[in-house]
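Heavy atoms only: backbone and side chains are in, while hydrogens, waters and symmetry mates are out. Here is the naming used below: chain letters follow the sequence lines, and residue numbers restart at 1 for every chain.
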Number of protein chains: 4
Amino acid sequence: MSPPPQKSKEEVVQEFRIQSIQDAAMRVIARKGMSAATMQEIADEAGVAKGTIYLYFRDRDELVEKTFESAITQLKARIDQAMATDAPIQQKLRDIFAAKLTFFTENREFFRLYIALRHPEGNAQQQRRHKRMCEPQYRASIDRFAQFLESAMERGEIRKMDSQRLALFIIEGTNAIVIDRVMAEAPPPEAADLDFMAELILSGIRAAEP
Amino acid sequence: MSPPPQKSKEEVVQEFRIQSIQDAAMRVIARKGMSAATMQEIADEAGVAKGTIYLYFRDRDELVEKTFESAITQLKARIDQAMATDAPIQQKLRDIFAAKLTFFTENREFFRLYIALRHPEGNAQQQRRHKRMCEPQYRASIDRFAQFLESAMERGEIRKMDSQRLALFIIEGTNAIVIDRVMAEAPPPEAADLDFMAELILSGIRAAEP
Amino acid sequence: MSPPPQKSKEEVVQEFRIQSIQDAAMRVIARKGMSAATMQEIADEAGVAKGTIYLYFRDRDELVEKTFESAITQLKARIDQAMATDAPIQQKLRDIFAAKLTFFTENREFFRLYIALRHPEGNAQQQRRHKRMCEPQYRASIDRFAQFLESAMERGEIRKMDSQRLALFIIEGTNAIVIDRVMAEAPPPEAADLDFMAELILSGIRAAEP
Amino acid sequence: MSPPPQKSKEEVVQEFRIQSIQDAAMRVIARKGMSAATMQEIADEAGVAKGTIYLYFRDRDELVEKTFESAITQLKARIDQAMATDAPIQQKLRDIFAAKLTFFTENREFFRLYIALRHPEGNAQQQRRHKRMCEPQYRASIDRFAQFLESAMERGEIRKMDSQRLALFIIEGTNAIVIDRVMAEAPPPEAADLDFMAELILSGIRAAEP
DNA sequence: CATGAATGAGAATTCATTCAT
DNA sequence: AATGAATGAATTCTCATTCAT
């Protein structure tokens, strides 16, 4: 037997630190927005000293970046799971939307990170960096969903269309409703919105032929 | 004869100044993002001194706010025009999407303002202010589009659905495609995207019954 | 007969302007203090445009300086008058104190200028300039009062003492009471304070020998 | 044994920092005046960075306020000590004046703070704040001295008079001489001025009856 | 390793002064 | 002569980053 890939105690502690700092960053950014989130507040939220953050992240930019990536990876995992089942298309769409909705509800604050992901701020250097690091993630999530749609097309479940365009449209359209739910005081029942979205996407809005 | 509503020369100059400062602010915010846009850079972009901005706007917040309002008013006017025609629903949708697309293409930078509009940053006070000033604008644009959809439902052009939800979904879905076009190096022909969106919305994605 | 020293109309207008700007400056400085008094507020108070002030005064410093001088000249005139009578010393002291009190009551705001006069602010250059222009005025007023005291000493009305020191002490001591009156909501009757001061100065506070 | 009231090392360092910043502030305000004293210059004088000041004082206003309070507390302590002895009235007055003189000579710059204390500047809000924080201090020092005078009256050492008025007069009159000494290039011997003031207050200026 | 005091570059804002009208 | 819009130097305050303990 080969020795199990054993994490040393130090590594475990290190990963724990990294994770709790990222979690703190996520909460603070969500609360205050990208640029109003200060290192001090993140440190306080994480219960560490400001300097400690710099032991694990080169600078503020890297912290934000890594925090993004980490959060997105979580979301991605859930959606992949929903896409991987054998259910019919309508069910799958519902499941995908539900995964998103659940994720955003559990991480209420995260949709702001998600938004920030698409619309970076700051000087040219920061934007280049952001582009290099984060846009591929977004692009990849579009691509994955586009592939999912394409295989549905191939299976004849949905008609043939430009899958990239379609993915973009659906993702952002559903985002809007998810965000609206998250911010609303009394959103409609979850099931209602899920059905609404799935049905809308599948059937469009045209009045039924008589 | 009633006296013509004559603007004094001073008023004209004043309005011109305000407009050029707002235009500059729009370009800079678009380039750098909400919070990285400095008064100095806006002033430089507008070709005036920093202090001059303060002659026309109380402070940075007011400048950003007024800039938002002004840009949104322009966009609103175009969309209203597209909604007011007598064309059949498919044509109208195309026209509305086209108005948006044209606006964002002409004001490439603006979509970031538009995004920022929905996702304000800053401290609690700024967020409250933003909420008070800008969210109603967004909400109103959703409402207008929802009403437009409702009258189409009443005319039997489209089937009955939750018009608010529908408006939200369509607006953000189309935004995504518009934004994608604006950022893409070589977007598909405009007509293709317009047709795609209108047809998608109307018919959904379900494969035609055999 | 030589032609009377006729002021041209222009000169009259000019003097009027200068005076009303100085009056305005006095009111504003009194209200806001030396350094919080802005040219804009002084201009508004005077009912002229900001630029107009610069037609009559080289810069802010000169305006403040001239305003001081002008006000002090008025005060000086009143005190000189009180010192010039033939009354016995107690009466004269009372009259001098009364002149000060009246002046400060009529120009409530002025005591702050008067204070500022003794305790200039600003950078080295401003302080040098202030020293050159304003301190002599204060010094001269002390000197005049010291001379008044000396002649009283020579007439045997008061005993011989260091007249400079004495003048300083009396002037500032009485100022304190005047200022207190000016700021108090319900000061004691004027006569009471005048008698108090004159008697205190003349007789001291020692208990009478039995 | 009760545990000794032990200051932690951090507290000691902190108090030292606060004190040296206040000392620097005192010197700079004295040199340049209330409003011309900039944070940068105070920082330079204290040998710290601008930002450091903000670690110990919320903002400029608080720094100035606390600096006042601290200096006044020192002065108060010395005067209280002089008032608490059993010496006859003439000696006590001399001691009180001497305490003031020593304090102002050691802290040459402070008399300007002291003056500023009575004559605040700035906008309405600053003036209100100043009134709330600093005027009571001045008022209290007058009151303490007035009480001292009243007990002397009750012991029959000095005749009965309005003690508040008297306190005011003496304090400001002596201030004038102290200030004059501090500014003079070659002031008379300290003892001469102390005798002069004590004797003047006690006996007044009236010529002795033959 | 962790800390948090200290730093100073950089941003918003004010206001004396100029100058074209 | 009078105006007041425009200017930009000067000032306050913030916060990412460093480094001695």
Side-chain angles (χ1 to χ4, degrees), chain A residues 10 13-14 17 35-44 46-64 123, chain B residues 9-10 13-14 17 21 35-44 46-64 123, chain C residues 10 13-14 17 35-44 46-64 123, chain D residues 9-10 13-14 16-17 21 35-44 46-63 123:
Chain A
E10 287 76 31
V13 170
Q14 177 142 340
R17 267 288 148 84
S35 45
T38 68
M39 294 301 270
Q40 184 63 66
E41 191 168 357
I42 292 169
D44 292 347
V48 300
K50 230 182 333 176
T52 304
I53 299 180
Y54 288 86
L55 297 176
Y56 299 98
F57 302 90
R58 182 197 312 286
D59 57 18
R60 190 181 183 280
D61 286 348
E62 189 180 297
L63 168 60
V64 172
N123 60 38
Chain B
K9 194 178 157 196
E10 288 79 33
V13 169
Q14 177 142 338
R17 263 292 143 87
I21 292 171
S35 45
T38 69
M39 295 302 270
Q40 184 62 68
E41 189 167 358
I42 293 170
D44 292 348
V48 300
K50 228 180 335 171
T52 303
I53 299 179
Y54 289 88
L55 296 177
Y56 299 98
F57 302 91
R58 181 195 312 286
D59 57 17
R60 190 181 182 283
D61 285 351
E62 188 179 297
L63 169 59
V64 172
N123 60 38
Chain C
E10 287 77 30
V13 169
Q14 177 143 338
R17 266 288 149 87
S35 46
T38 68
M39 294 301 270
Q40 184 63 66
E41 190 167 356
I42 293 170
D44 291 347
V48 300
K50 229 181 333 177
T52 305
I53 299 179
Y54 288 86
L55 296 177
Y56 299 99
F57 301 90
R58 182 197 312 286
D59 56 18
R60 190 182 184 279
D61 287 349
E62 188 179 296
L63 168 60
V64 171
N123 60 37
Chain D
K9 195 178 157 196
E10 289 78 33
V13 169
Q14 176 143 338
F16 174 76
R17 263 292 142 86
I21 291 171
S35 46
T38 70
M39 295 302 270
Q40 184 63 67
E41 190 168 357
I42 292 170
D44 291 347
V48 299
K50 226 181 337 169
T52 304
I53 299 180
Y54 289 88
L55 296 178
Y56 299 98
F57 302 90
R58 183 195 311 285
D59 57 17
R60 191 181 181 283
D61 284 351
E62 187 178 298
L63 169 59
N123 61 37

message: Just so I know, are the side chains of B:E41 and B:T38 near enough to count as touching, which here means a heavy-atom distance under 4.5 Å?
response: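 Side-chain contact under 4.5 Å: yes.
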query: If the sugar-phosphate is the primed atoms plus P, OP1 and OP2 and the base is the rest, what is the B/S/- string for nucleotides 3-8 of chain E, using protein heavy atoms under 4.0 Å?
result: BBSBBB
Which whole-number value in Å describes the distance from [X] [atom1] to [N] [atom2]?
X	N	atom1	atom2	value
B:L63	E:dA11	CG	P	16 Å
C:D44	E:dC15	CG	P	13 Å
A:I42	F:dC15	CD1	P	12 Å
D:E41	F:dT11	CD	P	9 Å
D:D59	F:dT11	CG	C1'	14 Å
B:R60	F:dT14	CZ	C1'	14 Å
D:E62	F:dC13	CD	P	11 Å

- prompt: How would you list, by chain and number, every residue that makes a side chain to side chain donor-acceptor pair (under 3.5 Å) with C:K50, sequence neighbours excluded?
  reply: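 With neighbours one apart ignored, the set is C:Q40.
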Spatial distance of atom CE (D:M39) from atom CD1 (D:I42) [nearest 0.5 Å]: 6.0 Å
Closest to side chain of B:Y54, choosing from F:dT18, E:dT13, E:dA16: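 Closest of the options to the side chain of B:Y54: E:dT13.
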statement: Which of E:dA12, E:dC1, F:dA16 is nearest the side chain of A:M39? It is F:dA16
task: Would you write the dot-bracket representation of DNA chain E, where each base gets (, ), [, ], | or . depending on whether it forms a Watson-Crick or G-U pair under 3.5 Å and with which partner?
output: .||||||||||||||||||||
- prompt: Of B:Q40 and C:Q40, whose closest DNA chain E nucleotide lies nearer the 5' terminus?
  reply: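 Residue closer to the 5' terminus by nearest nucleotide: B:Q40.
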- request: Using the test side-chain contact (heavy atoms from CB on, under 4.5 Å), find all partners of D:Y56 that sit at least two apart in sequence or belong to another chain.
  value: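 Checked D:Y56 against side-chain contact (heavy atoms from CB on, under 4.5 Å); matches are D:Q14, D:R17, D:I18, D:I21, D:T52.
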- request: Could you tell me which non-hydrogen atom of C:A43 sits nearest to which non-hydrogen atom of C:A49, and how far apart they are?
  value: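 Heavy atoms only, the tightest pair is CB-C, 4.0 Å.
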message: I'd like to know if the side chain of D:D59 and the backbone of D:E62 have a donor-acceptor N/O pair within less than 3.5 Å.
response: yes
